[in-house]
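Input: a single structure, listed below in C-alpha cells.
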Amino acid sequence: MSYKTLIDRKLALAFKLLKDLAEEITLVKKSNVSFDFENAETITTEDASLKTKLINVTSDKSKTNRTERLIMLKRREIGDLTTYDHLLWENEKWTIGSPINDDGFISLIKIHKEL
Amino acid sequence: MGKYLGLESDVFSLFNSDEWIAENIKTFPVNFTPINIDNEYIVIDIIPSGKGLNKRSLSGIVIIDVYIAAGEGPKRASLIADILDNYLANKSLTTSQNVVTQFNQSTFKSEGIDKDDSDLARFLYTIPFNYFGVE
C-alpha cells in the first residue's frame, strides 16, 4: 500500500472517529464557467453536487455583514475548488474563501455566509 | 447607461465580435476567474482614469494581461499583441449611442513569470484611449 493511500485511509478513520464533530455537507461545484461579453456577466453551468464531511475548526467570526468560519476538508474528496463553488451546510449557502493551508490531504479553508 | 458602463460595453463589444472570436484567443475581463483553461489567455482591464479633451469626453487606458506558457520565449505573446493592435491601435469604435472610443498607440512589455502561477509568463499590452460623447 502506498503512503498516500495509507494517509487517506487514516484520514477517513480520523473523520469517522470524530463522529458528529465531522458534519455532513453538500459541496456544489461549477465545472464550466465562462464570461458573456454581450451581457457582461459570468455564466456558470454544470453543477455537480457531492456529499462530504467537514470539521468546523473555529467558532463563528462575525464581520460587518457576514459570518466567517474556518473548516477542514479531505482534499482528495473535494478536488480543486474555485470561487464559483459553494457549500450547503445547516440548510444555508456558504461561499468559499481562500485556502489557508493545503498539504494535498487536508484543506483548511475560510468560508463565508451573508448575514 | 452611465459613462463607465457605456465605455465597458463598447470595449466588450469588440471582444464579442465574430472576428475576434475567430482569432481563438481566450479572453476574460478582470474580476473573472477562468477555470479549466490552457496556458494561453488574455485579461482585459479598462481604466477610465483621466480627464478628456472637453466636457463631453474622458480618457484612460486599456490594460491587457497576455498570458502564455512559461519558458517558450516571447514570440507567441508578440503575435497576440500584434493581433490586438489590428483591432485597437489607432482604431475608433462607434456605437449606437453616438459615442466614440478612439484608441491611440499601444505599448507592450514582458512582466516575467506570473507570480500566482509559475507555468505562465505574463506580458503587458497597454493602449490609451479617449472616449467622446459622454453625457
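Numbers restart at 1 for each chain; the letters A, B, ... are given by sequence-line order, proteins then strands. These numbers come from a predicted model, not from an experiment.
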* When hydrophobic residues are tied together by side-chain contacts of less than 4.5 Å, even through go-betweens, does A:Ile78 share a cluster with A:Ile100? -> no
* **Shared hydrophobic cluster for B:Leu120 and B:Ile68 (ILVMFWY, side-chain gaps under 4.5 Å)** => yes
* Is there a side chain to side chain contact (heavy atoms under 4.5 Å, CB included) between B:Leu14 and A:Phe37 once you walk through the steps? -> CA-CA 9 Å; B:Leu14 189 70; A:Phe37 277 97; over 6 Å; no
* If you group Ile, Leu, Val, Met, Phe, Trp and Tyr by side-chain heavy-atom gaps below 4.5 Å, do A:Leu21 and A:Leu11 land in one group? -> yes
* Should A:Trp89 and A:Ile55 be regarded as members of a common hydrophobic cluster, given that ILVMFWY residues are connected when their side-chain heavy atoms come within less than 4.5 Å of each other, either directly or indirectly? -> no
* Asked: Any chance the rings of B:Phe15 and A:Phe35 have centres within less than 6.0 Å?
  -> no
* Does A:Ile25 belong to the same Ile/Leu/Val/Met/Phe/Trp/Tyr cluster as A:Phe15, with side-chain heavy atoms less than 4.5 Å apart forming each link? -> no
Cross-chain donor-acceptor list, chain A and chain B, 3.5 Å limit, no angles:
from	atom 1	to	atom 2	distance (Å)
A:Ser31	O	B:Asn36	ND2	3.0
A:Tyr84	OH	B:Thr33	N	2.8

* Asked: Rest of the hydrophobic cluster containing A:Leu88 (Ile/Leu/Val/Met/Phe/Trp/Tyr, side-chain heavy atoms under 4.5 Å)?
  -> A:Val28
* Examine whether an atom of B:Ile44 lies under 4.5 Å from a heavy atom of chain A, and if so say whether it belongs to the side chain, the backbone or both; otherwise answer neither. => side chain
